[in-house]
2 protein chains.
Amino acid sequence: MTGSDRPSALDPAIAARLKRGADGLVPAIAQQYDTGEVLMLGWMDDEALHRTLTTGRCTYWSRSRREYWVKGDTSGHTQQVKSVALDCDGDTVLVKVDQVGAACHTGDRTCFDADVLPLGQ
Amino acid sequence: MTGSDRPSALDPAIAARLKRGADGLVPAIAQQYDTGEVLMLGWMDDEALHRTLTTGRCTYWSRSRREYWVKGDTSGHTQQVKSVALDCDGDTVLVKVDQVGAACHTGDRTCFDADVLPLGQ
């Protein structure tokens, strides 16, 4: 059961541990492997996780375009995969990557640079 | 429109920028503010984000228990909020925290320590 109607070559032992949302996806956090910066959050189905594990290039499922999306294929701002881990519940992926250039489509280094919220009352 | 039937005191200017999933929630990444460790991923609705911004304690919506969950209230492993940012699309929250003790219910420091996946074919 992959949670989507898309076929996947993901290792069944990994697929069995994945707990997907109703849309068949899990959130995937991309983190710069050496500085620790949280770069962005994307979404993966089984096949995107399989491609991320086996190609060395971070691959997401685009919810808006409904297609696989190899980060950097258009922008050149690739993410070379250093390590991949599931969380304790199997419902989130953490990918440590080496990010070329800006992770954010706005040109910012990370997707979290521009909108820091005020704390307090 | 909060995307849930739970009332919220979240600043309307922030609520207007939030892009919630079908369940009214956004993923929230908790990161140790000084070391950069990604500790865990939880979920927030508008009110959980409001409480996180205004109480100084990271607060999530528990999808399984369907209730607000102040991290550490049971375990003592609190998360003191240092900063909160939205991503460029308004569909993910990054909370930098000072984590007391283990972030993971298993006793591990982070929820991503135990299940590192093999890379390659």
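As a basis for the values below, the full set of heavy atoms in this structure was taken, side chains included, without hydrogen atoms, waters or symmetry mates. Numbers restart at 1 for each chain; the letters A, B, ... are given by sequence-line order, proteins then strands.
The two residues P118(B) and L53(A) have their closest heavy-atom pair at O-CD2, 3.5 Å. Contact detail for C88(A) and T106(B): the closest heavy-atom pair is CB-CG2, 4.3 Å. Residues Q31(B) and Q31(A) come closest through the heavy atom pair NE2-NE2, 4.3 Å.
To the nearest 0.5 Å, atom OG of residue S83(A) and atom CG of residue L119(B) are 7.0 Å apart. Atoms CG and SG, on D87(A) and C104(B) in that order, are 7.5 Å from each other to the nearest 0.5 Å.
The contact between D91(B) and chain A is made entirely by side chain atoms (from C-beta outward), counting heavy-atom distances below 4.5 Å. For L117(A), the parts lying near chain B are the backbone and the side chain together; criterion is any non-hydrogen pair under 4.5 Å. Neither the backbone nor the side chain of K96(A) comes within contact range of chain B; no heavy atom of the residue lies under 4.5 Å from a heavy atom of that chain. Of the two parts of I29(A), only the side chain, counted from C-beta on, holds a non-hydrogen atom closer than 4.5 Å to a non-hydrogen atom of chain B.
Your options are G56(A), G90(A), A85(A), A9(A), and the one with the most heavy-atom pairs under 4.5 Å with chain B is A85(A). Here R17(A) is the residue among R17(A), M40(A), E37(A) with the most heavy-atom pairs under 4.5 Å with chain B. With chain B as the partner, the residue from D108(A), I14(A), L94(A) showing the most heavy-atom pairs under 4.5 Å is L94(A).
Of the options V84(B), V93(B), L86(B), a side chain to side chain contact (heavy atoms under 4.5 Å, CB included) to D115(A) is made by L86(B) and by none of the others.
By the 4.0 Å N-to-carboxylate-O rule, D89(A) lies too far from R63(B) to be salt-bridged with it.
Listed by first and then second residue, the ring pair (Phe, Tyr, Trp, His ring centres under 6.0 Å) pairs involving residues 68-109 of chain B are Y60(B)-W69(B), W61(B)-Y68(B) (not counting sequence neighbours).
Hydrophobic clustering of Ile, Leu, Val, Met, Phe, Trp and Tyr side chains at less than 4.5 Å, counting indirect connections, keeps Y33(B) apart from L39(B).
Put simply, the side chain of L41(B) reaches to within 4.5 Å of the side chain of P27(A), judged on heavy atoms.
In R65(B), the CZ atom is crowded: over 12 heavy atoms of neighbouring residues, nucleotides or ligands sit closer than 6.0 Å.
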